[in-house]
Amino acid sequence: MFEVNRGSGIQTKQEFRKFFEDFFPGVYFLLTKYTKEKETAWDLAQEAFIKIYERWADFEDTESAKAFVYTVARNLFINHYRREQLRLNIYKNLELPDFDTNGFLKNVAAEETLRILYAAIDQLHEQTRTIIYLGLKGKNNAEIAQILNVSVNTVKTLKKNAYRTLRKLLRKDHFWILFLLLNN
Amino acid sequence: MDGIKEYLKLARWLAGDILDTLPEEERAEFKTWLGESSVRQEELREIRDLVGQRELDNNREEIARKGWHEFAGKTLGQRRYKQVLKYAAVITLPIIVAATCLTIYRFPDKQQVQQKQIQAGGTKAILKLSDGRTYNLEHLIKKSKITENIIADSCVLNYVSPDTLSGQALVYNKLRVPRGGTFQLALEDGTKIWLNSESELTYPEVFVGESREVYLDGEAYFDVAKDAYRPFIVHSGIQHIQVLGTTFGITNYSDIREVSTTLVSGKVQVKFPEISDEIFLLEPGCRLCYDRKDQKIRKQMVNADEYVAWKDGKYVFNGKPLEDILETLARWYDFQVFYQTHSVKERLFSGELMRFESFRDILGIIEEVSNVKFSIKQHTVIVADR
């Protein structure tokens, strides 16, 4: 309890905030998908991050922390689910029907993909961002041009520029790893 | 669950693939990995479908911010401190002091990095259209057209009035300015509005009918376009402010004791329909406030500019308690406050501060004048007697 400056101290806490802001939304969305209740998902996500905060000094790299937070989220959900079942007196249905490890991992991968996409796209300017979003929704250049009331060529140029920017951003592979490097 | 790292790597590849931004060597690695089994291809398709199914949401940032606020409150913030204080008042103080000393002693150069964390706010806002589409207006560099009638600039959102009013329906938009932000708005009738941090305005895209009505939470400054035939009405919590053409400021933060309207020029009438039938007429320089605690309405003559100075990038304080001042600054610089000595809350401060000044300088000025000592820890400012 008296370890005020454990690990590398405040430095680590700053990194933790960055980590929290990067991963909290994804964990929350993932839990929303499973709990189907925003409030419960929110509380479980908060709990997951408290768990990781308590052990923050033990992680050697971000990959481990990432893997840990998703795993904790899963365990918390399972506990919650079991408690709910008991509370509702549905004893017979204690198995977790569509919550096998594999399905969960796929959802984690999807969540993580979205997180990287958003982090990259958020760095772009408004109009370009809209174009990318529309593209992700499956619209082709002509359709995008029509929606935004610009020429197809404009869409093409903006897309090209956007990809160039994104390529640069993604090569750094997560700003937040970069952030760690800069701060060490 | 060791497999999870595999899936996290897959996610990185997939994101790069979707955006077509994978470096050549990684792309090759990805393709080889994928080619090794059809199960993998099937799984990748399923993940891609999951990505595609998800609603495109722009509010990740907000969730992160809200999440952090709650989290910080639970683990690092005031609540924790208060609990500790309650049970071990004697121990707490030495620990905080020790931690602060240690930090300075062990990381002399990190201290500067630390202080950079609290920064002045900027032009930020989130626009929500009636159909649910949302736009983050933070990183705009040049003008962009949101719809035919809405044009966003780096710090102003402009509404163009339509050619004809016939067939127009009342459609509401919402502009939300987060903590640490400010934004301007020019409505279709020519009314200009400055929104302060942590404020939200709901207003129609086009004013239809006999009155122009908007809804405000938080703080805003209005420069209302004259239109004798259509009064402009601001609904702000329990205040209803009706005007014909004038400039004034409204403060209505749910976590602040007072809600108020301060008139700069022109004429307005204020009603509190939920609590009183009385109609209050304000003249320039008049500030009308309602105290949530004792539920009284008070009218006072003030230097009105002082209350709306924020829109010109200034803070003017005239004998205000330190607690109020830090609360105001916290909305702009986005920090939390912890009082090591409670009596300093009541200490009065007068002065003029520039909003875009560095946080350190602002604190320096207050420290000098009010004889207090500030130290910064993460996003918390610790206040002590000097």
Side-chain angles (χ1 to χ4, degrees), chain A residues 2 4-5 9-11 13-14 17 20-22 24-26 28-29 42 45-46 49-50 53 63-64 66-67 70-71 74 101-102 105-118 120-127 132-133 136-138 148-149 163 166-167 169-171 173-174 183, chain B residues 1-8 10-12 14-16 18-23 43 46-48 50-52 54 56-57 59-61 63-65 67-68 70-72 74-76 95 98-99 102-103 106-107 110 113-114 117 135-137 139-142 144-146 148 152 377-379:
Chain A
F2 295 101
V4 179
N5 253 327
I10 276 171
Q11 182 67 29
K13 285 191 183 167
Q14 258 185 42
R17 179 174 181 165
F20 184 99
E21 288 175 342
D22 280 350
F24 183 79
Y28 164 68
F29 288 135
W42 183 270
Q46 286 278 340
F49 278 88
I50 287 175
Y53 177 70
E63 290 304 306
S64 315
K66 239 195 262 183
Y70 283 120
T71 311
R74 176 177 189 268
T101 306
N102 199 268
L105 287 174
K106 276 182 222 155
N107 276 305
V108 165
E111 220 31 85
E112 180 66 5
T113 308
L114 280 161
R115 186 190 68 79
I116 300 170
L117 293 181
Y118 278 107
I121 293 168
D122 267 354
Q123 307 290 310
L124 302 171
H125 295 313
E126 181 68 28
Q127 197 178 22
I132 299 287
Y133 280 143
L136 287 179
K137 274 188 175 168
L148 297 177
N149 200 14
Y163 285 150
L166 287 172
R167 204 166 295 138
L169 290 169
L170 281 183
R171 196 167 304 141
D173 190 33
H174 314 148
N183 275 277
Chain B
M1 206 189 293
D2 266 348
I4 199 162
K5 282 193 183 177
E6 283 286 308
Y7 281 81
L8 293 174
L10 181 57
R12 196 162 59 237
L14 181 55
I18 290 174
L19 295 169
D20 193 21
T21 54
L22 268 188
E43 215 168 43
E46 282 172 43
I47 294 170
R48 238 205 117 122
L50 285 172
V51 172
R54 274 281 305 279
L56 293 173
D57 37 62
N59 59 351
R60 294 181 82 90
E61 212 176 302
I63 288 170
R65 197 178 47 83
W68 177 256
E70 186 179 322
F71 184 86
K74 269 192 281 208
T75 56
L76 330 152
I95 293 178
L102 256 176
T103 318
R106 281 177 56 182
F107 308 108
K110 294 284 156 56
V113 176
Q114 194 56 36
Q117 290 293 303
Y135 296 86
N136 184 350
L137 306 179
H139 298 295
L140 297 183
I141 287 186
K142 55 182 182 199
S144 39
K145 218 177 202 178
I146 289 171
E148 213 38 59
K377 231 186 144 212
Q378 295 285 93
H379 277 239

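Just so we're on the same page: letters track the sequence lines, and every chain starts at 1.
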State, with a plain yes or no, whether a side-chain heavy atom of A/E21 is found less than 4.5 Å away from one of B/R65. no

A/Q46 side chain vs B/G67 backbone, donor-acceptor pair below 3.5 Å: yes

Near-ring test A/W42/A/Y28, centroid separation under 6.0 angstrom: yes

Under 4.5 Å from any heavy atom of chain B - which part of A/N107: both

Decide if the gap between the ring center of B/F71 and the ring center of A/Y53 is smaller than 6.0 angstrom. yes

Interchain contact, B/L10 with chain A, by part (heavy-atom threshold 4.5 Å): neither

Do you know which of A/F24, A/F49, A/Y70, A/F20 has the most heavy-atom pairs with chain B at a distance under 4.5 angstrom? A/F20

